[in-house]
Amino acid sequence: MAPAGGVGATLVFTVGWILADLHYRAWRWGLDEHRLETRHGVIVRTTQIVPRTRVQTLTTRTGPVDRRLGLTTVVVHTAGTHTPNLVIPHVGADAVARLQRELGG
Amino acid sequence: MSDEPDWRRPHPLTIVVGIVGLVANNALPLVLLLVAGGAGLGLELIAFAVGLVTVGVGIGRWYVTRYAVTSTAVEHRSGIVNRQARTIPLDRIQQVAVAQPVIARVFGLAAVQISEASADGDVAISYLGLGPANELTATLRSLARTRDAAPPDDPVTSVSSLPPPPMVLHRTDTGDLVRYQLAVRTPGLAVGALVVVAIGVLGGASAGGGAALGGGVVGTVVVVGSVAMSAIGPIFTLGGFELSRGDRGLTVDMGLLSRRHLEVRPDRIQTVTVTSGPIARRLDLHQVVFSAAVGTAAGQGQVTHLGPAVRTDDVDHLLQRALDLESGLSTSFEPVSGLTVRRFLFRAAGAWAVTLLPWLVVTVATGALGDALIAGVLTVVWSSVAVAWARERFRRLGVAVDGDRVVFRHGVLVHRLTQLASANAQAVVVRSSWFQRRLGLADLNVSTAGVGPGHAVRIPDLPAPRAAELAAIVARTAAATRWELTR
């Protein structure tokens, strides 16, 4: 039983690592003078565009693990009822500062 | 305006309306209680006590409820135990409605419902006399307007110039409304009738031939009756529907027993949707609804009509005069990718593979050839329907995007057409699954701040570069427009 459990655990871990890596590689976000755009997803690729003038509020979230690594998750709220939020996960402090400066005003 | 708000209370008859409503809603238990009350003194005392408490609560609730209109907001205070204070800034008001449920109307009362865009929804001031209710609505409207405009140099001229009378854009013919409501429910009727009549016949057949016929008749009567009943409600709610446009923006009046009067500014409207089912189409009738940025509490389950039963020839005219939209049904659409047929058939094949295929395999393997034949026939029927449906779905899908608006046409049995101004787009999303990427396709979703049917547009299976292009066009227009839930 134990070897089977060990093999299973290794398999899960490896697959998880690969998926996480792929997801990380696929994640993009960009901010220009007109809009905020994010691209993410491995199997289902999603591009989300929020025009700058549609940003209602900006929220940041930090969990304990994020705090240790100096990361923050930024949530951009719109008034849309179908796509209310744009989530940019685990970004560094300089990115957060830039988003707050550009979108918060 | 003075600092202290001018607090008013609802009309005292509100208490009576509340009690009448409570009695009406609990008529059956009350009757039973009265009947059983003759059996002993105890029940009568309980009923009396309950009645006393109800009246007391009604009076208390009326006493603590207050409202006031200041120069900046509408204030509302309510609640005996849990006090609630609602403040709606005047420029956040999305729509104002005056509603007269049947009982209130009997007493000459009306409720004023003020909707704003937050999730807390709306404030309902109930009940006021009809005159004060209309006055309140007019006050809110004029206050909202004076906040838009600079104060006039000479206040006298703005009072003496009378606003032009509102122009009636659409009056729903009651016959059309009845036909439309029945048309919408008839498909359900057909399916329900088949099921119920079958049950009736089978149930009766086990008791003898005559009973089978009786069962069938009873089943039909039950189904027809329930369809008629379900159509009666909307006919009473929507009867006498009239849409006007004037100084107040768009106004909607409807209701035969309970009246409802709604005012909304055209620029608050987020999307417009035109719908017609298969039978309604034969009758040349469509339903036109809009979605506005009202809080989910207000918008939930409440469909806001521009026209509950509009003739085909009148639809485009209505949209143009109500909302200045150039073309509705007569828009020229570009199709989505033809590969959507393949994607649809792939999904239909998947559904077949998990339902009919196992059955087919099992019946063939066990040699139950009769059942296998049935499974085979069903497979043939399934594939023909799927192919025909996929083709029709592709034929129906159409999108028109320019700098100003997004128009999306879809629906196989029930035809739908949704329009929204690109300036109202809140977020644009382009999404493609692994399978779609293999075919070079992508979905385009445009969401607005509207609540209700058609508040977002989801366009499937566009060629991927075209989806990105349209997304950019819509986003560019939205970015260039300052959008606020005010003014």
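Chain letters run A, B, ... following the sequence lines, proteins first and then strands; every chain starts at 1.
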Proximity breakdown for V55(A) and chain B, heavy-atom pairs closer than 4.5 Å: neither
Interatomic spacing from OG1 in T47(A) to CG in N445(B) - rounded to 0.5 Å: 11.0 Å
Neighbour count above 12 (heavy atom, 6.0 Å) for R39(A) CZ: no
For R466(B), side-chain contact (heavy atoms from CB on, under 4.5 Å) partners two or more places apart: E334(B), P463(B), E469(B), L470(B)
Max heavy-atom pair count under 4.5 Å with chain A, selected residue of R476(B), R458(B), Q436(B): R458(B)
For chain A, the option from A468(B), A467(B), G450(B), A442(B) that forms the most heavy-atom pairs under 4.5 Å: G450(B)
CZ (R342(B)) with more than 12 external heavy atoms under 6.0 Å: no
Heavy-atom donor-acceptor pair, R52(A) side chain to A480(B) backbone, under 3.5 Å: no
Interface moiety of S432(B) toward chain A, non-hydrogen atoms closer than 4.5 Å: both
Proximity breakdown for R437(B) and chain A, heavy-atom pairs closer than 4.5 Å: side chain
Over all atoms of both residues, closest heavy-atom pair of V50(A) and A427(B): CG2-CB, 4.0 Å
Smallest separation among heavy atoms of R431(B) and V44(A), with atom names: CG-CG1, 3.4 Å
Heavy atoms of other groups near R67(A) CZ, more than 12 under 6.0 Å: yes
Best-contacting candidate, A471(B), A425(B), S291(B), against chain A by heavy atom pairs under 4.5 angstrom: A425(B)
Neighbour count above 12 (heavy atom, 6.0 Å) for F333(B) CZ: yes
Over 12 foreign heavy atoms within 6.0 Å of CZ, R61(A): no
Heavy atoms of other groups near L69(A) CG, more than 12 under 6.0 Å: yes
OH (Y24(A)) with more than 12 external heavy atoms under 6.0 Å: no
Student check: side-chain heavy atoms of V429(B) and T46(A) closer than 4.5 Å: yes
Any donor-acceptor N/O pair, T53(A) side chain to A478(B) backbone, under 3.5 Å: yes
Side-chain donor or acceptor of R35(A) paired with backbone N/O of A475(B) under 3.5 Å: no
For Q426(B) against P51(A), the heavy-atom pair lying closest together: O-CD, 3.6 Å
